[in-house]
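Every heavy atom of this structure was used, including side-chain atoms; hydrogens, water molecules and symmetry mates were not. Just follow the structure's listing: the first ligand is 1, and inside any ligand the first atom is 1.
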Amino acid sequence: MAKRQFKAESKKLLDMMIHSVYTHKEIFLRELISNASDAIDKLHYISLTDDKVGLSRSDFFIRIDVDKEKRFLTVSDNGIGMTKDDLVSNLGIIARSGSLDFKKGVDEEEPESEIDIIGRFGVGFYSAFMVSQEVSVLTRAHGSDKAYLWKSSGADGYTVKEARRDEVGTSIVLKIKEDSEEENYSEFLDSYRLQELVKKYSDYIRYPIKMDIEKSRSVETDEVDEDGEKKTEYETYIEEETINSMVPIWQRTKREVSDEECMSFYKERYYDHEDPVKVIRINAEGQVQYKAMLFIPARAPYDFYTREFKKGLQLYSNGVMIMDRCEDLLPDHFRFVRGVVDSPDLSLNISRELLQHDRQLKIIAKYLEKRVRDELKKLLEADREQYENFYNAFGRQLKYGILADYGMHKDLLEGLLLFHSAKEDKLLTLKEYKDAMPEEQENIYYASGDSVTRIKALPQAEQVLDKGYDMLCLTDEEDEFVINTLRQYEGKNFLSVNEADLGLESEEEKKELEKQAEENKELLEFVKESLDGKVSEVKISSKLKSHAVCLASSGAVSIEMEKYFDMIPGAEKPKAERVLELNADHSSFEALKKAYEGDKDKAVKYAEVLYAQALLIAGLPIEDPAAYTELVSSLLV
Ligand code: ADP
């Protein structure tokens with residue numbers, strides 16, 4: 001029979017499997033059992049509304065059979081089975097599509113190693129090739145009276161032919177590889193080892209995993225011993241046993257299952273190789289009864305901040321999966337949470353549309369939101385390092401949460417935010433900032449920019465820092481919008497150091513400023529006119545200490561916001577109202593004044609140079625760099 005070819009990607013993966021040096025080859029059994037369980041889930045779900053299936057919950061099972069002589073290991077199920085087309089499309093191309101896609105997504109220079117991929121994602125059905133010379137799949141699909149046999153001994157292709165199978169379901173038959181010097185494959189034909197592996201990886205599978213177990217019992221013989229007692233002998237016999245406990249891990253009590261076990265469950269199920277920062281276990285017996293096991297990951301999945309990422313928790317009713325990603329259980333600001341909710345109060349065959357309006361579901365969702373917030377708060381207080389790990393990964397999502405729905409969730413979320421402190425050079429909560437404020441400090445100061453270093457060097461920050469006040473350094477694009485949405489924190493207003501008037505001067509300083517402004521009124525007006533509409537005001541600065549100029553803004557749009565809108569294609573591009581601040585105590589101001597009095601053309605040039613300096617410091621581009629260099633050169637005489 002002509003061989004069919006695997007799709008290119010699958011072939012690569014298969015080759016990888018066959019020549020794998022991966023040490024945990026044993027995971028193939030977990031993968032096959034998990035596929036069998038999924039297949040049963042599907043048929044069970046159909047059986048709820050279709051009598052023709054003819055099976056009830058307790059009829060479903062998975063079986064493991066071993067033929068030591070022939071080196072066959074078989075995993076069978078009476079699940080949904082596969083049609084001929086299914087066989088070709090499911091087993092002929094790579095199914096766990098995430099794994100290779102991910103491989104492409106990472107840095108080309110440093111491709112993900114094979115071991116990482118297997119460890120991180122598992123590779124489903126194909127992992128069988130790590131331990132097998134040949135893999136056969138005998139299957140009959142629900143609703144079909146034909147069965148098919150799929151066979152492959154490696155990357156050179158596979159065959160499919162009609163076959164016989166009395167019942168609907170699938171058997172995967174592995175011809176286990178011969179032992180080599182490095183590898184002992186025969187362990188996968190050993191009954192104790194197999195039982196051990198089922199316990200380790202698949203104990204909570206909700207269908208019985210049955211296996212024939214060799215046992216021994218004593219039997220009386222007709223012979224008598226010296227004391228005249230009948231002699232007993234031991235005989236071995238075979239008995240079918242269920243070797244998994246079938247209780248899902250989230251159904252067990254804290255005493256039965258450690259956090260470590262929950263974490264490995266998380267890593268296997270959600271393909272993460274890092275422990276989550278938090279495991280949340282809930283056993284609710286109030287208005288609605290349910291159990292939940294939630295995880296807060298330590299790292300954002302590679303697609304987390306893209307449209308591809310889908311939030312949601314797995315929803316079960318009494319151990320039977322109703323929905324793989326129930327979105328309604330999680331608010332967007334906590335979309336990073338993974339896990340399972342299991343409630344006997346939910347109806348099994350409820351549609352997605354109805355579920356949205358389900359009262360019970362709403363109650364659960366509300367509690368989960370609050371609980372996740374509280375657990376994050378606890379983490380923040382108890383383990384700052386872990387919290388900062390979490391915040392690095394998902395802080396942005398929390399900020400989006402503040403911005404969403406016109407700030408509706410800000411009370412819930414503001415306590416979870418962290419910002420970089422200029423004074424302490426570490427992340428602070430708003431509460432920590434506020435608690436450290438000197439009594440006379442009225443506002444919470446902040447400044448935005450590309451990096452903390454640049455922000456701290458901003459001329460306009462000097463006045464605030466000189467006073468001994470701290471300043472929050474905002475480096476994410478959305479930060480200013482977040483601050484605008486918050487408006488204030490516990491009665492203290494947020495104030496940008498870019499704000500034209502910070503109100504930090506003493507009475508004396510104010511008088512001095514007014515005097516300077518009065519004296520230089522004409523000059524300031526002249527600079528404004530020379531800049532030809534580029535700024536809305538030119539003023540003597542109260543903030544500048546050692547620097548010559550800075551750019552402030554007045555009005556609702558700040559300079560950082562302007563930069564942000566500029567980046568969004570197609571969006572309206574509102575401009576900040578720019579205020580050019582000049583330091584009257586700086587030598588450059590002296591020079592400007594002199595030029596204004598003696599050489600007006602030169603004064604115009606000085607004004608333009610000063611404005612360009614201010615743009616550069618604010619991180620804004622100079623409109624015409626060539627003209628600017630000409631201008632500077634013309635002054636170098
Ligand atoms: P995944 O389980 O991640 O989809 P696999 O490579 O393990 O990837 O399996 C590929 C597909 O083959 C499954 O999605 C399923 O449709 C089908 N399949 C595998 N094993 C079985 C089985 N025992 N019964 C029915 N279908 C199966």
Side-chain angles (χ1 to χ4, degrees), residues 4 6-7 9-18 20 25 27-47 53 55 60-65 73-103 117-132 135-144 146-152 155 158 160 163 165 167-174 198 201-202 205-210 267-272 314 321 324-325:
R4 293 167 183 249
F6 287 102
K7 290 268 153 49
E9 291 272 84
S10 314
K11 201 165 156 186
K12 242 195 300 181
L13 187 64
L14 206 55
D15 255 336
M16 217 162 90
M17 285 301 120
I18 292 165
S20 173
K25 294 191 162 73
I27 56 124
F28 81 92
L29 188 63
R30 170 190 84 195
E31 301 289 313
L32 296 185
I33 289 176
S34 136
N35 281 349
S37 166
D38 290 348
I40 296 179
D41 268 345
K42 287 179 196 160
L43 190 57
H44 177 234
Y45 190 74
I46 296 175
S47 76
V53 176
L55 295 171
F60 291 103
F61 66 90
I62 296 166
R63 247 193 84 90
I64 298 179
D65 287 289
L73 170 65
T74 306
V75 178
S76 1
D77 63 72
N78 55 352
I80 193 153
M82 282 177 273
T83 62
K84 190 175 178 189
D85 284 351
D86 287 342
L87 272 175
V88 173
S89 57
N90 293 344
L91 305 185
I93 61 163
I94 166 159
R96 183 155 286 157
S97 45
S99 36
L100 274 204
D101 279 0
F102 182 79
K103 197 176 182 189
I117 292 196
I118 301 174
R120 207 184 278 196
F121 297 100
V123 272
F125 170 73
Y126 284 4
S127 58
F129 284 93
M130 287 196 289
V131 300
S132 316
V135 178
S136 317
V137 180
L138 176 63
T139 182
R140 189 176 134 197
H142 161 66
S144 160
K146 281 194 180 143
Y148 292 92
L149 180 68
W150 180 101
K151 222 177 222 197
S152 170
Y158 61 92
V160 182
R165 196 180 197 280
E167 311 284 340
V168 166
T170 304
S171 307
I172 315 274
V173 187
L174 313 184
V198 169
Y201 294 112
S202 314
I205 291 285
R206 297 175 317 278
Y207 304 102
I209 301 171
K210 296 182 180 178
K267 287 191 280 192
E268 268 164 38
R269 182 172 275 218
Y270 301 103
Y271 313 126
D272 196 347
Q314 293 178 311
M321 165 124 64
D324 194 30
R325 274 182 200 272

J.: Please say whether F125 places an N or O atom under 3.5 Å from an N or O atom belonging to ligand 1.
T.: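 Between F125 and ligand 1 (N or O atoms, distance only) the closest approach is under 3.5 Å.
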
J.: Give yes or no for whether the N/O distance cutoff of 3.5 Å, strictly under, is met between N90 and ligand 1.
T.: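 Yes - when backbone and side-chain N and O of N90 are compared with those of ligand 1, one distance drops under 3.5 Å.
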
J.: Have a look at N35, T170, I172 and point out the one with the heavy atom closest to atom 9 (O) of ligand 1.
T.: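 That would be N35.
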
J.: Between D86 and ligand 1, which residue portion shows a heavy-atom distance shorter than 4.0 Å: side chain, backbone, both, or neither?
T.: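 Neither part.
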
J.: Is a donor on one side and an acceptor on the other found under 3.5 Å between the side chain of N78 and the backbone of F61?
T.: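 Yes, the answer is positive, given that a donor and an acceptor are paired below the 3.5 Å cut-off.
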
J.: Suppose we screen for side chain to side chain donor-acceptor pair (under 3.5 Å). Which residues come up paired with R269, at least two apart in sequence or across chains?
T.: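 Listed in chain order: Q314, Y316.
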
J.: Should the proximity of D77 to ligand 1, defined as any heavy atom under 4.0 Å, be assigned to the side chain, the backbone, both, or neither?
T.: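 Side chain only.
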
J.: Measure from the side-chain N and O atoms of T139 to the backbone N and O of M82, and report whether any donor-acceptor pair falls under 3.5 Å.
T.: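 Yes; judged by distance alone, with no hydrogens or angles, the pair exists.
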
J.: Please check this pair: side chain of R30 against backbone of Y201, looking for a donor-acceptor N/O pair closer than 3.5 Å.
T.: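 Flag not set: sc R30 to bb Y201 has no pair under 3.5 Å.
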
J.: Near L91, which atoms of ligand 1 are under 4.0 Å from a heavy atom of that residue?
T.: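 In order of numbering, the contacting atoms are 12 (O).
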
J.: Can you list the ligand 1 atoms lying under 4.0 Å from a non-hydrogen atom of A39?
T.: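 This gives 22 (C), 24 (N), 25 (C) as the contact atoms.
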
J.: Quick one: list whatever passes side-chain contact (heavy atoms from CB on, under 4.5 Å) with K146, sequence neighbours left out.
T.: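 For K146, the residues satisfying side-chain contact (heavy atoms from CB on, under 4.5 Å) (neighbours in sequence not counted) are S144, Y148, E162.
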
J.: Check whether any heavy atom of M82 sits under 4.0 Å from an atom of ligand 1.
T.: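 A heavy atom of M82 does come that close to ligand 1.
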
J.: Considering the options I205, I172, D38, which one meets the side-chain contact (heavy atoms from CB on, under 4.5 Å) requirement together with I33?
T.: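 With I33 as partner, I205, I172, D38 yield a single side-chain contact (heavy atoms from CB on, under 4.5 Å), made by I205.
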
